[in-house]
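Here is the structure we will look at, set down as structure tokens.
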Protein chains: 2
Amino acid sequence: MEADVRPAPLPLSFTDGVFPAGCPSRILLDHVTSKWGVLILIALSEGAQRWSELRRRTEGISEKMLAQTLKTLERDGLVSREAQPVIPPRVDYSLTGKGYELSALLVPLVAWAFDNAEEIINGKA
Amino acid sequence: MEADVRPAPLPLSFTDGVFPAGCPSRILLDHVTSKWGVLILIALSEGAQRWSELRRRTEGISEKMLAQTLKTLERDGLVSREAQPVIPPRVDYSLTGKGYELSALLVPLVAWAFDNAEEIINGKA
DNA sequence: CAGCATCCACGATGATACTG
DNA sequence: CAGTATCATCGTGGATGCTG
């Protein structure tokens, strides 16, 4: 009874191996699709946010993981960090141009997951 | 010198926490964005394939991970498994309707990663 | 060919405490 | 507030060997 529609193959030209193991794409993909990476990128797609704001919104993340994930994304040039030399400290994070491009692709995916999760993970009602 | 363009916020309505921890979306997202999940889904987006074919194309995957990932995706109703009672055994995997929907969103993301990986991960030439 | 069962290692992640 | 340092652990994932 499973739906099994399989329209025309998608246009893809890089899928032959699916990628070479250890190629840059794999690394980038791992950063981006990491457990917390997706969530942070999505959160930031709504605009710049402070550390504490991100921590609160990304429910369940530890400080360590937040710091680590942000650093990775920053090194990848997807997120930009802006620290203000005030006391108490204030640091804002935002998407770079690249990060924004990426989030534009990530958002529909996450939205789909959000819409279908209930049915898929729980009852198939 | 980093590009720092930040156009209008993307339309998103579910991002307030970013999701509740432990909600179905998180689980589904973890399955889909898992290290091998993405790659398998992408590989299958080009059409049904046999176990051995998937194993070969998804370079670097172990049998254990292939089996495990396929099972998860099958339980989630994204991949369908068709075993033929012949000797030697032949099993084909393909995307379900849901799986195809998903892969349609995944492909642009992966393509983007593929196109930008070199620059992002390696030299920023 | 297409798996499953086991054992094992290490890295990812969490909890806690401390600091500029 | 925005982190960093340290430690304990938990699970992911690899290697191997066996089977229908």
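Below, chains carry the letters A, B, ... as their sequence lines are ordered, and counting in each starts from 1.
To the nearest angstrom, P of D/dG3 lies 10 Å from CG of A/Leu54. As rounded to whole Å, 14 Å separates atom C1' of C/dA2 from atom CD1 of B/Ile40. As a whole-Å value, the separation of A/Arg90 CZ from D/dG3 P is 12 Å. Atoms CG (B/Leu39) and P (D/dG13) sit 12 Å apart, rounded to a whole Å. In this structure, the CG atom of A/Leu66 is 13 Å from the C1' atom of D/dC1, given to the nearest Å. In this structure, A/Arg56 places its CZ atom 11 Å from P of D/dC1, rounding to the nearest Å. Distance, B/Asp30 CG to C/dA12 P: 16 Å, rounded to whole Å. Residue A/Ile27 contributes atom CD1, which lies 12 Å from atom P of C/dA12 at whole-angstrom precision.
Counting heavy atoms from C-beta on, the side chains of B/Leu109 and A/Leu102 come closer than 4.5 Å.
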Chi angles and distances behind the side-chain contact (heavy atoms from CB on, under 4.5 Å) call for B/Val32, B/Leu106: CA-CA 9 Å; B/Val32 168; B/Leu106 221 39; 4.2 Å; yes
Residue pair B/Thr58, B/Thr69: steps toward the side-chain contact (heavy atoms from CB on, under 4.5 Å) verdict: CA-CA 12 Å; B/Thr58 312; B/Thr69 307; over 6 Å; no
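When every heavy atom of B/Pro24 is checked against every heavy atom of A/Asn122, the shortest pair comes out as CG-ND2, 3.7 Å. Looking at every heavy atom in both residues, B/Arg26 comes nearest to B/Phe19 through NH2-O, 3.0 Å. Smallest separation of non-hydrogen atoms from B/Tyr93 and B/Leu44: O-CD2, 3.4 Å.
The side chain of A/Ser52 contributes an N or O atom lying less than 4.0 Å from OP1 or OP2 of D/dA2. Taking 4.0 angstrom as the limit, B/Arg81 places a side-chain polar atom (N or O) nearer than this to OP1 or OP2 of C/dG3.
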Under 4.0 Å protein heavy-atom contacts per nucleotide of nucleotides 14-20 of chain D, with B for base, S for backbone only and - for none: BB-B--B
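When heavy atoms are screened at a 4.0 angstrom cut-off, A/Arg50 is found touching the sugar-phosphate backbone but no base atom.
Looking at B/Thr96, its side chain does come within 3.5 Å of a backbone N or O of B/Leu78 through a donor-acceptor pair.
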